[in-house]
Amino acid sequence: MTTDDGALGRNIDRLQANLSRIEELSQRMVTALASRRQVSPDLQGPGMDLYFRAAGAWWAQIMTDPAGIMERQVSYWGKTLEHYVEVQKALATGSAAKDVEDATNDRRFSGEMWSAHPYFSFVRQQYLLNAEAVRASLEGLEGLDDTERRRVEFFAGQIIDMFAPTNFLATNPEALSRAVETEGQSLVDGLENLVRDIESSKDGLLVTLADRDAFTVGGNIATTEGAVVYRNRMLELIQYTPTTETVHKVPLVVFPPWINKFYIMDLRPDNSLVRWILDQGFTLFVVSWKDPDDSYADVGIDTYIEEGYLAALEQVRRITDERQVNAVGYCIGGTALAVTLSYLNGKGDNPVRSATFLTTLTDFSDKGEFTPFLTDDFVGAIEAECEHNGVLESFFMARTFSFLRANDLVYGPAVRSYMLGEPPPTFDLLFWNGDGTNLPGRMAVEYLRWLCQENRFSDAGLEILGERLCVNDVRVPLCAIACETDHIADWTSSFTGISRMGSESKTFILSESGHIAGIINPPAKRKYGHFVNDDLGTDAALWKEGAERHDGSWWPRWGEWLATQSGERVPARPPGDAEHPVLAAAPGTYVFSGNARETTASG
């Protein structure tokens with residue numbers, strides 16, 4: 001047998017092996033798809049009324065401004081024909097056609113072949129022309145209110161993103177090249193990744209964003225030493241072991257969001273906010289929320305306040321023998337903290353000395369990028385889902401957050417995983433992002449209806465625990481940190497809510513970057529700066545215009561502010577006391593659900 005014959009034989013063997021693997025994976029995929037739960041169509045897209053309103057607006061424009069319609073159409077035809085002529089010239093010479101301007105500097109088309117190869121250059125440029133034409137057709141629509149217009153633009157953008165040529169094998173040069181280079185192995189690997197993701201969720205497809213085997217909670221992330229010193233059905237209270245000989249007298253308790261796990265603040269030692277707080281000399285408690293199942297169906301916002309916030313505050317006071325504590329609320333954890341503070345304001349002896357709000361919304365008059373999902377069609381479908389299952393499963397929240405940044409969190413990862421056959425990256429933040437939690441049914445509906453849709457806490461008042469609670473009843477000294485490019489808690493809305501609080505002492509800090517990176521921004525990295533301005537008596541735009549930018553993390557500035565609220569130094573406190581024995585080592589037991597992988601023994 002010659003060398004060529006040997007190579008041919010090996011290639012045939014590899015091809016046969018790949019074909020067998022594809023057949024096996026296809027059977028697994030069919031089985032997985034057949035066993036998936038049928039999700040209500042109302043949770044998959046907007047109601048038909050939006051389509052009718054958009055179609056009505058379009059026909060109204062045809063009747064009232066046919067010349068404008070034709071002008072845009074002729075412009076699109078002209079650009080397309082001009083592009084076609086350019087492509088013909090390019091094909092004749094073997095060079096790329098004249099580039100269509102792409103003001104977005106789209107990373108999806110950063111590969112050399114998108115510009116250098118005539119065919120892929122044509123595909124890319126025609127896609128950009130098509131996208132521009134669709135967006136231009138929406139600009140002139142009349143007869144839609146602001147919410148309807150934002151929804152139409154959002155879902156049109158979703159369609160534009162979905163049909164990008166990067167998302168299809170025949171029009172993705174990188175995927176085609178990889179398939180040729182690997183003799184099809186990349187496609188087999190990609191199919192295996194796809195089947196794995198389908199099998200891992202009974203509700204629908206979510207791309208695995210990070211290697212699930214690369215991290216273990218309590219092993220190589222969430223490793224700061226501490227202990228669970230209190231537990232009820234809603235939370236575990238973790239007290240961390242001090243790292244300094246003395247600490248500030250007033251303790252600090254952190255209430256993270258219960259949409260994800262608390263350990264976003266304790267990923268690795270070099271980016272752990274928990275460890276940094278300890279090193280500044282504070283007695284630190286962090287709440288780890290229970291991931292609810294259907295037995296929590298009747299848990300509402302009032303339950304989180306009574307059995308969550310009030311219980312944790314009381315236990316921290318008992319353990320430290322202090323009358324008051326400082327509190328931090330992150331995202332929805334901050335929203336609920338504000339509601340709790342409003343409740344405590346009417347009770348006389350407030351156990352909270354100061355409050356810190358991280359990326360917190362308390363005013364929902366501008367719903368920002370969540371506008372498309374906060375109308376009655378979607379919220380009504382979520383309400384029906386909660387009534388049926390008792391909880392809003394983590395899949396639905398994860399999918400919603402992902403499609404707010406579809407190219408970064410859906411299509412880009414899908415291309416790398418399913419078409420290029422790449423394994424998920426080793427990235428701690430994305431691992432945490434995939435470790436979602438369910439929401440109790442009653443609480444989810446109350447939050448969406450009372451706060452997001454009706455904005456009761458900021459307007460007429462929110463009736464909870466027999467009291468009417470308003471944002472202006474938050475009266476403790478406060479510091480708020482928002483993030484400049486936050487797509488979940490828009491910083492201008494956060495500013496509006498903070499400005500409406502009744503506190504006499506307010507500090508507002510605007511961090512660069514987004515919802516997570518802007519908060520988890522350790523000083524040693526010197527990555528993102530922040531803005532400060534003492535004048536909170538204006539609107540957000542004027543505040544930003546007059547703000548002073550500072551290099552580096554906001555952590556040290558906040559640490560200095562917190563120290564002024566925390567009293568003198570006292571000997572460091574070990575976790576727990578005689579009435580609060582150690583129940584489990586940090587990070588506790590409630591954190592181990594969903595995708596988190598346990599390595600430490602838990603009690």
Side-chain angles (χ1 to χ4, degrees), residues 224 240 242-244 247-257 262 264-267 270-287 324-331 333-334 337-338 341 352-362 474 476-484 486 489 491 494-495 497-499 501 503-536 543-544 547-567 569:
T224 302
Y240 284 93
T243 60
T244 57
V247 294
H248 288 278
K249 192 172 187 292
V250 180
L252 178 69
V253 58
V254 177
F255 295 96
F262 79 92
I264 184 59
M265 296 177 289
D266 188 31
L267 291 172
D270 63 348
N271 66 357
S272 171
L273 179 57
V274 166
R275 193 172 297 247
W276 184 87
I277 291 172
L278 292 171
D279 290 343
Q280 309 315 302
F282 295 100
T283 300
L284 177 63
F285 296 81
V286 175
V287 165
Q324 287 188 306
V325 308
N326 293 318
V328 176
Y330 192 167
C331 191
L337 174 60
L341 291 172
V352 178
R353 181 166 178 170
S354 76
T356 298
F357 298 100
L358 306 180
T359 62
T360 294
L361 294 178
T362 52
V474 177
V476 301
L478 64 88
C479 179
I481 296 89
C483 298
E484 190 175 22
D486 194 333
W491 82 265
S494 178
F495 181 92
I498 297 299
S499 67
M501 292 180 180
S503 306
E504 294 183 2
S505 173
K506 300 179 186 178
T507 299
F508 190 87
I509 301 172
L510 180 62
S511 174
E512 293 176 335
S513 195
H515 192 71
I516 300 300
I519 297 299
I520 309 304
N521 181 26
K525 299 264 185 187
R526 300 193 62 82
K527 193 169 185 180
Y528 302 116
H530 61 279
F531 301 86
V532 293
N533 183 349
D534 292 335
D535 182 11
L536 271 68
W543 181 93
K544 175 69 180 299
E548 181 180 356
R549 183 190 180 279
H550 296 265
D551 290 334
S553 173
W554 56 269
W555 292 10
R557 185 179 299 275
W558 173 65
E560 292 175 4
W561 176 88
L562 186 61
T564 66
Q565 307 294 327
S566 302
R569 306 281 289 218

Are Val253 and Val328 close enough, and set up right, to give a side chain to side chain contact (heavy atoms under 4.5 Å, CB included), and what steps lead you there? CA-CA 6 Å; Val253 58; Val328 176; over 6 Å; no
Would you say [X] and [Y] make side-chain contact, with heavy atoms under 4.5 Å?
X: Thr356; Y: Ile481; value: yes
X: Leu252; Y: Thr283; value: no
X: Met265; Y: Val254; value: yes
X: Ile264; Y: Ile520; value: yes
X: Val274; Y: Leu284; value: yes
X: Ile509; Y: Cys479; value: yes
X: Lys544; Y: Phe531; value: yes
X: Trp554; Y: Ile519; value: yes

What is the distance from atom [atom1] of [X] to atom [atom2] of [Y], rounded to the nearest 0.5 Å?
X: Thr507; Y: Asn533; atom1: OG1; atom2: CG; value: 11.0 Å
X: Tyr330; Y: Leu337; atom1: OH; atom2: CG; value: 15.0 Å
X: Tyr240; Y: Ile277; atom1: OH; atom2: CD1; value: 10.0 Å
X: Arg275; Y: Leu267; atom1: CZ; atom2: CG; value: 11.5 Å
X: Asn326; Y: Arg353; atom1: CG; atom2: CZ; value: 7.0 Å
X: Trp558; Y: Trp276; atom1: CH2; atom2: CH2; value: 6.5 Å

Is there a donor-acceptor contact under 3.5 Å from the side chain of [X] to the main chain of [Y]?
X: His248; Y: Phe282; result: no
X: Ser494; Y: Thr360; result: yes
X: Asp266; Y: Ser272; result: no
X: Ser505; Y: Pro477; result: no
X: Ser553; Y: Trp555; result: yes
X: His515; Y: Thr359; result: no
X: Asp486; Y: Trp491; result: no
X: Thr243; Y: Leu278; result: yes

Closest heavy-atom contact between [X] and [Y]?
X: Phe508; Y: Ala482; result: CZ-CB, 3.7 Å
X: Ala338; Y: Val474; result: O-CG2, 3.5 Å
X: Asn521; Y: Gly518; result: CB-O, 3.8 Å
X: Leu341; Y: Ala355; result: CD1-CB, 3.6 Å
X: Gln324; Y: Val352; result: NE2-O, 3.6 Å

Evaluation steps, side chain to side chain contact (heavy atoms under 4.5 Å, CB included), between Arg557 and Val532: CA-CA 10 Å; Arg557 185 179 299 275; Val532 293; 3.6 Å; yes
Does Glu512 come within less than 4.0 Å of Lys527, counting only side-chain N to carboxylate O? no
Among residues at least two apart in sequence or on other chains, which ones pass salt bridge (Lys or Arg N to Asp or Glu O under 4.0 Å) with Asp535? none
Determine whether more than 12 heavy atoms belonging to other residues, nucleotides or ligands lie under 6.0 Å from atom CG of Asp279. yes
For atom CZ of Arg569, decide whether the heavy atoms of other residues, nucleotides or ligands shown that lie under 6.0 angstrom number more than 12. yes
Going through the distances and angles, do His530 and Arg549 end up as a side chain to side chain donor-acceptor pair (under 3.5 Å)? CA-CA 6 Å; His530 61 279; Arg549 183 190 180 279; over 6 Å; no
List the steps and the verdict of side chain to side chain contact (heavy atoms under 4.5 Å, CB included) for Val476 and Ser354. CA-CA 5 Å; Val476 301; Ser354 76; 5.6 Å; no
